[in-house]
Amino acid sequence: MSRARAVTVSTLGITQTLAWASSYYLPAMLATSMARDIGISVQLVFAAFSAALVLAAFLGPLAGRSIDRYGGRPILIATNIIFALGLTGLALAQDAIVFFASWLIIGAAMGAGLYEAAFSTAVRLYGHNARSAITGITLFAGFASTLGWPLSAWLELEYGWRSACMSWAALHLFIGLPLNASIPKVTVPSEHADSTLPAPPSDVPMGLAEHKTRSNYCQNTGPARRASVLLATVFAVTWFVSTAMAAHLPRLLQDSGLTLASAVAVAALVGPAQVVARLMEFGLLRRVHPLLSAKIATLLHPVGAACLMFFGAPAAVLFTLLHGAGNGILTIAKGTLPLVIFGPHGYGLRQGLLMVPARVAQATSPFLFGFLIQKWGASSLWISSLLGLMAFACVLWLTRDMKSQDPAA
């Protein structure tokens, strides 16, 4: 990787860490204080957050199309300003209406400023060769919760939650915005971009047959439409499971026999497991097709959940590590699979459309899975395991379809 490219990937990784820490990971630390100060329930705080996620889902395609056309630099700069406005609105909110409106502003920034936008920016810059860039971005942003949760908690404890929100807003304006402004401009008009992008990726190893397969997918609307549906299903199912675990993992581990302190300590292993898995993807798995990585990753949660349900507390660490590793690889797959299957042309819009069901599933996951836990306890993992197996089946179907386009693939 060239020095200039490494700097760009690092920049996107740092700004993604900031974006995730100041939005997706914010309510976990500040929701209780927000609710108490404004005079609303904690459930209403998370309802506002869910509304922000739904808005982000429907703005994603528009943001992706804009990145296809203009590149990611102007879009990501705008999201820093919008994030800052929303966070400032939260800090100043005195009633539920302003509070909800501020979360919707943050939702607009999330729709154009989280992983999909960063992946689309990398693809717009590097074309077929963007797989290593996507992996690099996720390596940085994998620490968003590790850094964001303690920082939000410390700011809230020392200065109050309103000052915490203002601090995050300042970080967007004085760190995130200048960094995103340093991202290279796209100099090739979007309508000519695909013909000038570097093809045959060195970091997405494919033979000629696989290039033919991708070409067939792009030209044959039937298989292309089916591939889109299968990918959207995989993304929705896996994001539902990962968000459910992010919201309820300590409780599930307690229901499996761990004490509260042990459950929190074991749950903290998810972050390191994600990062280690992404390092493996960057090293060991970068030479295999992303579909193989995705098949492995979709099975890790069901395997870990089965161990936890059969063996109880002694298998808690194994379950957490397997779940975290699978989630870490799947985050990369969300960026690389559309690139490998359809190519870089129109990537941003396609990525935005594919992620609409995933964002909606993400918004509903904490409530729905919380209801399942309340009813069945740790046995709820049977449901998440079945969803993981459904994702695995979709990836198998997608692999079969690709091979049917070209038997040599």
For P61 versus L349, what's the shortest heavy-atom pair and its separation?
O-CD1, 3.5 Å

Donor-acceptor under 3.5 Å (T320 side chain, V270 main chain)
no

Taking the side chain as C-beta and beyond, is there a heavy-atom pair between L398 and I341 under 4.5 Å?
yes

Do you see a donor-acceptor pair shorter than 3.5 Å between the side chains of S33 and E156?
yes

V229 and W397: side-chain contact (heavy atoms from CB on, under 4.5 Å), yes or no, with the steps?
CA-CA 11 Å; V229 171; W397 191 352; over 6 Å; no

Are any side-chain N or O atoms of R73 and backbone N or O atoms of K185, one a donor and one an acceptor, separated by less than 3.5 Å?
no

Which atoms form the tightest heavy-atom contact between G148 and A21, and what is the distance?
CA-CB, 3.7 Å

For the residue pair Y126 and T8, establish whether any side-chain heavy-atom pair is separated by less than 4.5 Å.
yes

Answer yes or no: is there a donor N or O on one side and an acceptor on the other, between the side chain of Y347 and the main chain of G127, under 3.5 Å?
no

From Y115 atom OH to M110 atom CE, the distance as rounded to the nearest 0.5 Å
12.5 Å

Dump the intermediate steps for side-chain contact (heavy atoms from CB on, under 4.5 Å) on L76 and L12, then the final yes or no.
CA-CA 9 Å; L76 292 173; L12 287 169; 3.6 Å; yes

Is there a donor-acceptor contact under 3.5 Å from the side chain of S120 to the main chain of G64?
no

Heavy-atom distance under 4.5 Å between the side chains of L179 and L18, does that happen here?
no

Let me confirm one number: the CG-CD distance from L231 to Q351, rounded to the nearest 0.5 Å.
9.0 Å

At what distance, to the nearest 0.5 angstrom, does CD1 of I75 lie from CG of D68?
10.0 Å

With the side chain counted from C-beta on, respond yes when S23 and F83 share a heavy-atom pair under 4.5 Å apart, and no when they do not.
yes

Identify the heavy atoms of L389 and P302 that sit nearest to each other, and give their distance.
N-CG, 4.1 Å

Does M309 reach the side chain of W382, with side-chain heavy atoms less than 4.5 Å apart?
yes

Report yes if some heavy atom in the side chain of F369 is under 4.5 Å from a heavy atom in the side chain of L252; otherwise report no.
yes

Determine yes or no for a side-chain-to-main-chain donor-acceptor pair under 3.5 angstrom, with S365 supplying the side chain and A244 the backbone.
yes

Between M29 and L155, is the side-chain contact (heavy atoms from CB on, under 4.5 Å) condition met? List the steps.
CA-CA 10 Å; M29 294 294 105; L155 288 169; over 6 Å; no

Taking the side chain as every heavy atom from C-beta outward, state whether L173 and N80 have any atom pair closer than 4.5 Å.
no

If you round to the nearest 0.5 Å, how far is CG of L269 from CZ of F319?
12.0 Å

For S50 against A363, the heavy-atom pair lying closest together
OG-O, 3.2 Å

side-chain contact (heavy atoms from CB on, under 4.5 Å) for F392 and V237? Distances and angles first, verdict last.
CA-CA 10 Å; F392 176 72; V237 164; over 6 Å; no

State whether the side chain of R359 and the backbone N or O of L55 hold a donor-acceptor pair below 3.5 Å, judged by distance alone.
no

Spacing of CZ belonging to F235 relative to CD belonging to E116, to within rounding of 0.5 Å
9.5 Å

Closest heavy-atom pair and its distance - V234, T238
O-OG1, 2.7 Å

Quick check for you: to the nearest 0.5 Å, what is the distance between L151 atom CG and Y25 atom OH?
15.0 Å

Could you pull out the closest heavy-atom pair between I137 and A122, with the gap in Å?
CD1-CB, 4.3 Å

Is a donor on one side and an acceptor on the other found under 3.5 Å between the side chain of T79 and the backbone of A112?
no

Sidechain-backbone polar pair: S167 side chain, S163 backbone, donor-acceptor under 3.5 Å
yes

Are more than 12 heavy atoms from other residues, nucleotides or ligands located less than 6.0 Å from atom CD of Q374?
no

Side chain to side chain, C165 and L30, heavy atoms closer than 4.5 Å
yes

Measure from the side-chain N and O atoms of D255 to the backbone N and O of G377, and report whether any donor-acceptor pair falls under 3.5 Å.
no

Are the side chain of T298 and the backbone of K295 linked by a donor-acceptor contact shorter than 3.5 Å?
yes

